[in-house]
Structures are given as structure tokens and as C-alpha cells.
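Remarks on the structure that follows.
These figures come from a predicted structure and were not determined experimentally. Chain letters run A, B, ... following the sequence lines, proteins first, then strands; residues in each count from 1.
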Protein chains: 4
Amino acid sequence: MDSNSSYAKDDKLRRIMDAALTTFSRSGYQGATMQEVASEAGVGKGTIYLYFCSKEELLETVLLDVLKRYRDQIVQIISSEDASRTRMRRLVSEVVRGADRRRRQFRFLLQGSWGMGGEFKQRALSIKKDIMNSLAEFVSEGAEMGEFRDVDARLMAHIISGTLDSLAAAQLWNDEQTLEGQDDSWADDLAGAVVDCLCSGVEPEQ
Amino acid sequence: MDSNSSYAKDDKLRRIMDAALTTFSRSGYQGATMQEVASEAGVGKGTIYLYFCSKEELLETVLLDVLKRYRDQIVQIISSEDASRTRMRRLVSEVVRGADRRRRQFRFLLQGSWGMGGEFKQRALSIKKDIMNSLAEFVSEGAEMGEFRDVDARLMAHIISGTLDSLAAAQLWNDEQTLEGQDDSWADDLAGAVVDCLCSGVEPEQ
Amino acid sequence: MDSNSSYAKDDKLRRIMDAALTTFSRSGYQGATMQEVASEAGVGKGTIYLYFCSKEELLETVLLDVLKRYRDQIVQIISSEDASRTRMRRLVSEVVRGADRRRRQFRFLLQGSWGMGGEFKQRALSIKKDIMNSLAEFVSEGAEMGEFRDVDARLMAHIISGTLDSLAAAQLWNDEQTLEGQDDSWADDLAGAVVDCLCSGVEPEQ
Amino acid sequence: MDSNSSYAKDDKLRRIMDAALTTFSRSGYQGATMQEVASEAGVGKGTIYLYFCSKEELLETVLLDVLKRYRDQIVQIISSEDASRTRMRRLVSEVVRGADRRRRQFRFLLQGSWGMGGEFKQRALSIKKDIMNSLAEFVSEGAEMGEFRDVDARLMAHIISGTLDSLAAAQLWNDEQTLEGQDDSWADDLAGAVVDCLCSGVEPEQ
DNA sequence: GATGAATGAGCCTTCATTCAT
DNA sequence: TATGAATGAAGGCTCATTCAT
């Protein structure tokens with residue numbers, strides 16, 4: 001019984017955050033109404049205010065939550081013991097696959113934290129920097145291990161991050177020209193080609 | 001007199017669109033009020049409705065306008081007769097410089113068209129595809145001329161576009177770690193390093 | 001035309017304040033809704049916010065306005081050149097008559113400024129003190145002229161003010177036992193009896 | 001056990017009514033929330049509804065309770081066997097002292113029953129009339145005993161009642177000009193002066 | 001054309017009340 | 001009996017839009 005009610009409470013919070021993610025993603029922050037979120041979550045409008053003190057706090061919490069999960073996914077992938085190129089490949093394929101599976105979340109990430117203010121922006125930026133730092137470190141370590149050239153790690157992090165975002169966005173925007181064959185291996189094939197570009201560059205070796 | 005009033009009319013339209021860009025960029029679409037836009041433009045609130053039938057149409061017009069200008073800038077740069085690497089370099093340096101100079105516009109571009117619907121989204125996507133197509137064509141042509149390897153042009157377009165976006169965003173977010181030395185040549189140096197990564201890749205030649 | 005529109009604006013403000021007085025008096029501050037006030041005034045809900053920035057400011061303005069008019073009435077009456085007793089008599093009869101005529105306003109005055117905070121309370125208190133000071137001065141002057149005994153003027157002011165309030169309240173509460181015969185002279189007769197009590201006291205002369 | 005739980009129940013009821021008095025007095029009827037009252041009483045929000053079926057009933061009960069206690073105090077004082085003037089003096093001094101000691105209650109009384117409707121208003125009025133009747137009777141009896149002149153008893157009741165209210169209000173409003181020396185005997189001195197005014201009147205004997 | 005006073009639909013938020021535990 | 005999580009009606013306020021001037 002105890003564990004039941006405890007479960008129920010967590011469940012309600014989770015349902016609200018999930019509904020908020022869905023609703024904000026569908027209608028945008030300002031466009032979404034608390035009533036929509038409540039209906040989507042299957043709770044009363046007032047119930048949301050038992051967990052979040054304002055619409056803004058709800059958005060911030062959900063946004064940070066998604067951002068953190070994205071960061072954790074990236075960090076986890078590039079922390080493996082595989083060869084740098086392999087890790088990079090997994091990074092691309094997982095993110096692209098994830099964008100497909102969790103469209104709602106990526107909508108959110110790409111939208112970013114526009115219009116949010118002050119303290120929140122700092123926290124969001126902090127997580128974004130985590131991501132950048134992880135990627136930069138990944139590049140540096142690759143160079144130390146002799147698997148990468150000695151390029152500017154921070155710039156390379158921008159290139160990787162930007163590529164991931166662009167691919168995910170294409171996914172969301174349904175860029176069927178780029179990503180049409182959705183069989184089992186399309187993400188891996190895509191990742192292979194992208195990583196080839198990133199690793200070998202676009203210029204022919206002389 | 002005719003040409004005068006016509007000029008006056010164009011001028012007023014231009015001031016309104018400029019004010020809208022500034023205001024939407026500062027406060028977001030929903031956060032901005034028509035009163036704000038009117039004040040910023042130095043016209044009466046009702047005047048805006050002589051040129052645009054709704055707030056949404058105003059946003060769409062301004063957004064498409066900015067997108068087009070961005071597209072045109074990119075197209076113009078990569079249409080020159082220079083070597084591919086040189087054009088790519090100019091692409092990066094101009095975009096980064098532009099992000100610095102025209103922050104309002106880039107805010108807008110990165111924010112995208114959230115919450116906008118249907119027909120408008122198609123038009124925005126269409127322009128975004130113009131950009132992608134231009135970049136892909138640029139890569140293809142480079143390959144034909146032997147200046148680029150025979151990589152997947154569309155994927156390389158994503159890499160370039162994503163890199164540009166990531167750099168521009170860092171600019172806006174004031175990522176002072178990446179872009180601190182703001183002397184005259186910082187953009188060129190940055191572009192050089194970025195293009196080196198993109199052209200030669202991150203892996204050492206064997 | 002100019003004077004017309006100017007009149008219209010003043011008229012709208014006046015209608016809103018009047019409607020607010022009526023509505024607040026009928027339903028209480030918290031009980032009244034802005035929609036009620038708007039309907040009573042025959043304007044749109046938003047229009048009120050062109051003249052007052054919040055419900056609270058509306059209440060404060062109306063309350064201070066009524067308070068000031070009450071103060072001015074009292075000051076005017078006791079500033080005449082008549083004998084002290086005559087002025088006191090007019091004070092009572094006018095206030096009682098006013099309570100009858102302007103019930104809404106007296107409701108307001110008696111309710112006072114409960115729940116209002118800070119700066120406003122100070123301004124209301126300041127006007128209430130004006131009234132007390134005027135009454136005290138009236139008593140002092142009466143004493144100087146030999147028409148009154150040398151009693152504590154401030155205490156006597158409390159007695160007069162309290163008596164006026166109690167009579168006005170009885171009026172409002174429909175104390176038909178006290179104030180039933182509402183012919184032309186009832187107020188004068190009442191005032192005569194009251195002033196007799198206040199002037200000669202309740203104890204028999206020894 | 002029975003008497004214990006019965007005691008506990010009475011105790012809880014008392015605590016709730018006390019908390020309501022404090023809370024309503026502090027925040028006003030509409031401003032106070034049931035949660036505030038519950039917290040102040042140290043009980044759960046739902047518990048209040050075991051004793052009162054609505055917020056309004058709670059207010060009415062508490063208000064009538066306070067009114068009755070005030071009435072009883074007045075009746076008790078003027079029912080003694082002392083000389084009329086002595087009783088009047090005790091009336092003033094006790095009320096003023098009481099206003100100091102039980103500010104919360106007087107706040108309530110002075111605030112009155114604004115916004116309350118129908119049946120309740122009748123009951124409150126009924127108690128207020130009790131007070132008026134008691135005072136009028138007191139004056140009549142004084143006249144019968146030859147200690148008072150034969151004035152209109154109901155009007156004199158208004159004068160006394162109004163004076164008491166005005167003094168109590170000054171107390172609450174912190175009218176330090178009137179009531180500053182708060183040593184042991186200030187209330188008695190004040191009462192002496194007030195009663196002198198009421199008994200002998202403000203006009204010099206001729 | 002240009003304006004801004006006026007409007008009212010719509011939304012965030014509060015809080016009295018209920019009811020499962 | 002006692003509780004407080006859950007609810008949803010209701011209200012203050014905003015702001016896109018209109019229209020008389």
C-alpha cells in the first residue's frame with residue numbers, strides 16, 4: 001500500500017512532465033495552455049500546481065530534464081573504450097536513431113531556451129557546455145592516443161555538435177530526401193558516411 | 001508626390017518589419033506585443049494592420065525575409081569563382097561575422113518557426129532546402145573539379161550547415177571560450193581552422 | 001468636437017468610478033468582480049484597465065475620493081460663521097441626510113480601509129486625521145469664543161465623530177426604530193435632540 | 001475516555017475558532033484562506049469541515065461569537081448597582097482597555113459583516129440591537145433614578161456607542177496623539193474625561 | 001491614410017471543497 | 001476521526017484586433 005501510493009505520486013509527476021513535454025513540443029511554450037497539459041496528463045488543472053509553482057517552472061524543469069538526458073547519452077557513448085572513430089560512429093547513429101524515436105525531446109532541444117531568463121538560462125547553458133566540453137575532451141584524447149590529428153578540439157566539438165543537430169533537425173523536419181530508407185541499418189550506414197567525412201575530410205589526399 | 005508617398009509607404013513597411021525583427025528577437029513571438037512593435041517602429045498600433053492582417057502574418061513575413069537574406073548570402077558566397085576551399089573559408093568567416101553583426105536575425109533563424117503551422121512551415125522549409133541544396137551542389141561541383149573527394153554531398157551539406165549554425169549560436173550565447181579575441185582577423189583565423197578540420201578531417205593521414 | 005471627446009473621456013472615468021463605488025458597496029471589495037464593475041459602468045472589462053492599473057488601485061482611488069468628499073463636507077459645514085451650536089446642528093443633520101442620500105458612499109466609509117496596505121492606509125488615515133483635526137479645532141475655537149466649556153478637544157472630536165458614524169450606520173442598517181418618520185424635518189429634529197445631548201450633557205444641572 | 005475525547009473535540013473547535021478569528025482579523029475574510037486557518041489552528045484542512053460546513057459559516061459563527069462576547073461585556077458592566085456615572089465610566093475604560101488587549105476581536109467588530117448576506121445579517125443586527133437596547137435602557141433607568149436628564153434614550157445610546165467605537169478604532173489605528181501615555185491609569189483618566197463630556201455636555205452652564 | 005481608445009476572448013493561477021485513505 | 005492530495009470553477013489581467021475619428 002505504501003509503495004503503491006508512493007508509486008502513484010511519482011507516477012503523477014512523471015505523467016505531468018511527460019504531458020508537458022508533449023504539449024510544449026506540439027504547441028510551443030506560449031502556445032500551450034495549462035489546461036492542455038492537464039488534459040494530456042489526465043489530471044486536474046490544479047494538480048499541476050502541486051508539483052510546479054508556475055508554467056515557467058514547469059517548462060524549465062522539463063527542458064533541463066531533457067537536456068540532461070541528452071547530455072548523459074552523449075557522455076555515455078563517448079566514454080566507451082572503443083576506438084575514437086567507432087565511438088564517433090556510434091554517436092551519430094545513436095543520436096539520429098534517438099531523434100527518430102524521441103522526436104518530442106529533440107524538438108525541445110533544438111528550440112532551445114528562447115525567452116527564458118536569468119538563472120535558468122545559466123543552467124541550460126551550463127549543460128550545453130557540458131556537452132561541448134565532453135566532445136572537446138573526446139577529440140583531445142583521440143589526439144593523445146594518436147587516433148586523431150592535433151586539431152583545435154573546441155572547434156571540432158562545434159563541428160560534431162552542429163552536425164548532430166543538423167541531422168536530428170532533418171529527421172524532425174522529415175527531410176525524406178536525406179533519410180528515406182528507414183530499414184534496420186540506415187542509421188549505421190548514415191553514421192558511417194558522416195564519420196568518414198569528419199575523419200578523412202572532404203579534400204582528396206595529395 | 002506620387003513617388004513621395006510611395007516612398008513613404010515603403011519606408012513605413014520597412015520600419016515595421018525592422019521593428020518586428022528586433023522585437024520578436026528580443027521577446028520571442030508570443031512574448032512580443034503589437035504595441036511593442038509599433039512603438040519600436042514609431043508608428044501607431046493600427047498602422048501595422050494596414051500592412052499585415054495579423055500578428056502571425058507579420059511574423060511569417062519577417063521570418064521568411066530573414067531566411068531569404070541568409071540563403072542569398074550563402075548562395076552568393078559559394079557561387080564565386082574561387083577555389084572550393086577558399087569559398088568554404090569565406091562561408092565560415094562571413095557567417096560568423098554576420099552572426100556578430102546581425103545577432104537579431106540569427107536569433108530568429110536559430111529559433112526557427114516553432115508553433116507556426118501548415119503552409120508557412122512549408123515555405124520556410126523550402127528555403128531551408130534551398131540552402132541545403134546550394135551547399136550540396138557546392139560539394140558536388142568541388143568533387144567534379146577534383147578539389148573535393150567523392151563524399152555524399154547531402155551529408156556534407158549537413159555537416160557544413162550544422163557547423164555554421166553551431167558557431168553562430170556560440171556567438172550569440174557569448175561563448176567567450178571559443179570566440180574571445182575579437183580583433184580584426186579573428187573570424188578569418190577561426191574560419192581557417194574550421195575549414196582545415198572539414199577539409200582534411202580529424203584523422204591523421206596514414 | 002474637441003470639448004466633446006474631452007467630455008466623453010472624463011465621462012467614462014466618472015462612470016467607472018461611480019460603478020465601482022456602487023459595486024464595491026454592494027458586494028464588498030473581494031466579492032465584486034471587475035466584470036461586474038464594467039457591466040455597471042457600461043464599458044468593456046479592458047477599458048477599466050486604461051484608467052486603473054489594478055482592481056486594488058481602483059478601490060483605493062474610489063475610497064480616497066469618497067473620503068475626501070466627506071471630509072470636505074464636514075470642513076465646509078463647521079467653517080461657517082454661525083454659532084457653534086448651530087454649526088454642530090447642521091453637522092448632524094447634513095451627515096444624516098447625506099447618509100440617506102448617499103448610502104453607497106457611507107457604506108464605504110464605514111467599512112473603512114480594511115485589508116488595504118501600506119502607502120494607501122497612510123493616505124486614508126491622513127484624511128481621517130484631517131477630519132478629527134477639524135472637529136478638534138472646531139471645539140477649541142468654540143471654547144475660545146466662550147460658547148463651549150474647556151473640555152479635551154480631541155476627545156470631544158471622537159465623541160462627535162463617533163456619534164455621526166453611529167447615526168449614519170443606523171441609517172444604513174435601516175434602523176427603522178430610530179429613524180422612521182422620514183418627513184421633511186426629521187433630520188433637523190434628530191439633529192436638535194442629538195446636539196442637545198452633546199451640548200448640555202446627560203446629567204441634570206445641579 | 002468519553003469525556004476525554006469530548007474534551008478533545010471542544011478543544012479542537014475552540015482552537016479552530018481562535019485561529020479563524022486571528023486569521024480573518026489579519027487578512028480579512030476573503031483574503032484569508034482555509035489553509036491559513038488550518039495551519040494557525042494546527043489541524044488539517046479537512047478537519048475544519050468536520051465542524052463547519054463552509055468558510056462562510058465559519059466566519060459567521062466566529063463573528064457572532066465575538067459580537068456576543070462584546071454585548072455581554074457591555075451588559076454586564078451597565079448592569080451593576082453603581083451610580084450611573086460610575087457605570088458609564090467603567091464602560092469607557094473597559095472598552096478602551098479591551099480594544100488594547102483584544103485588538104483582533106475589535107478589528108472584527110469594526111470591520112463588521114460586509115458582504116455577508118441575508119439571514120446572517122439579521123442575526124448580527126439582532127445582537128447589535130441588543131447592545132443599543134441595553135444602552136438605551138441604561139439611559140432610561142438613569143433618568144428614572146434622577147441621575148440623568150430626560151433625553152432621548154435611543155439617541156443617547158447612539159452617542160455612547162459611537163463614542164466607544166471611535167475610541168476603540170483610534171486605539172487600533174494607533175492614534176498615538178490621543179492615546180499615548182500607556183501607563184496603568186491612562187484608561188481611567190481617559191474614561192473620566194470622556195464621561196465628563198457626555199454627562200455635563202460641552203456647553204458652559206448658564 | 002493613420003491613430004489609439006475600446007473591446008472581450010482567453011489564460012494563468014488560486015482556493016474552497018471533497019473524498020480516499 | 002483526521003488528513004491533505006486532487007479538483008475545477010472563477011477571477012484578475014493581457015493583448016490582438018477593430019473602428020470611429
Quick one: does D:Arg71's side chain get under 4.5 Å of D:Lys128's, heavy atoms only? no
Please determine if a side-chain N or O atom of B:Tyr51 lies less than 4.0 Å away from the OP1 or OP2 oxygen of E:dA2. yes
Could you go through A:Tyr51 and A:Leu58, starting from their C-alpha distance and side-chain angles, then the distance that decides it, and tell me whether this counts as side chain to side chain contact (heavy atoms under 4.5 Å, CB included)? CA-CA 9 Å; A:Tyr51 298 87; A:Leu58 174 59; over 6 Å; no
Rounding to a whole Å, what distance do you find between A:Phe52:CZ and E:dC12:P? 15 Å
Can you tell if the side chain of C:Lys68 reaches within under 4.5 Å of the side chain of C:Asp65, non-hydrogen atoms only? no
Residues in side chain to side chain contact (heavy atoms under 4.5 Å, CB included) with D:Tyr49, at least two apart? D:Met34
A:Leu50 CG to E:dT13 C1': how many Å, rounded? 12 Å
Which of the following nucleotides, F:dT7, F:dC13, F:dG11, is nearest to the side chain of A:Val43? F:dT7
Ignoring hydrogens and angles, tell me if any N or O in the side chain of A:Glu36 forms a donor-acceptor pair with the backbone of A:Thr33 under 3.5 Å. yes
Once hydrogens and angles are ignored, does a donor-acceptor distance under 3.5 Å link the base of E:dG10 to the side chain of C:Lys45? yes
Output a table of donor-acceptor pairs, distance under 3.5 Å, between side-chain atoms of residues 37-46 of chain D and any protein atom two or more places apart or on a different chain; print 'none' if there are none.
residue, atom, partner, partner atom, Å
D:Ser39, OG, D:Gln35, O, 3.0
D:Ser39, OG, D:Gln35, NE2, 3.0
D:Glu40, OE1, D:Arg26, NH2, 3.1

Provide, to the nearest angstrom, the distance between the CD atom belonging to A:Glu57 and the C1' atom belonging to E:dT13. 14 Å
Do C:Phe24 and C:Lys55 come within less than 4.5 Å of each other through their side chains, counting heavy atoms only? yes
Would you kindly compare C:Gly44 and A:Cys53 by the position of their nearest DNA chain E nucleotide and give the one closer to the 5′ end? C:Gly44
Dot-bracket for DNA chain F, 5' to 3', Watson-Crick and G-U pairs with both distances under 3.5 Å, [ ] for crossing pairs, | for partner on another strand, reads .||||||||||||||||||||
How would you label the contact of A:Ala32 with the nucleic acid (heavy atoms, under 4.0 Å): base, sugar-phosphate, or nothing? sugar-phosphate
Check the distance between E:dA2's P and B:Arg15's CZ and give it to me in whole angstrom. 10 Å
Between B:Glu36 (CD) and F:dC15 (P), how many Å, whole number? 9 Å
Closest nucleotide of DNA chain F for D:Gly46 versus for B:Tyr49: which of these residues is on the 5' side? D:Gly46
Return the value, rounded to whole Å, for the distance between atom CD1 of D:Ile16 and atom P of F:dT1. 13 Å
How long is the span from the CG atom in C:Leu13 to the CZ atom in C:Phe52, to the nearest 0.5 Å? 5.0 Å
d(CG, D:Leu58; C1', E:dT17) in whole Å: 14 Å
Examine F:dG11: is either OP1 or OP2 under 4.0 Å from a nitrogen or oxygen in the side chain of C:Thr33? Give yes or no. no
Whichever of B:Gln35 and D:Ile48 has the more 5' nearest nucleotide on DNA chain F, that residue is D:Ile48
In whole angstrom, give the distance that lies between atom OH of B:Tyr29 and atom C1' of F:dC15. 12 Å
Nucleotide of F:dT14, F:dA2, F:dA6 approaching A:Lys12 most closely (side-chain heavy atoms): F:dA6
Taking only side-chain N and O atoms of B:Lys55, does any of them lie within less than 4.0 angstrom of OP1 or OP2 on F:dC15? no
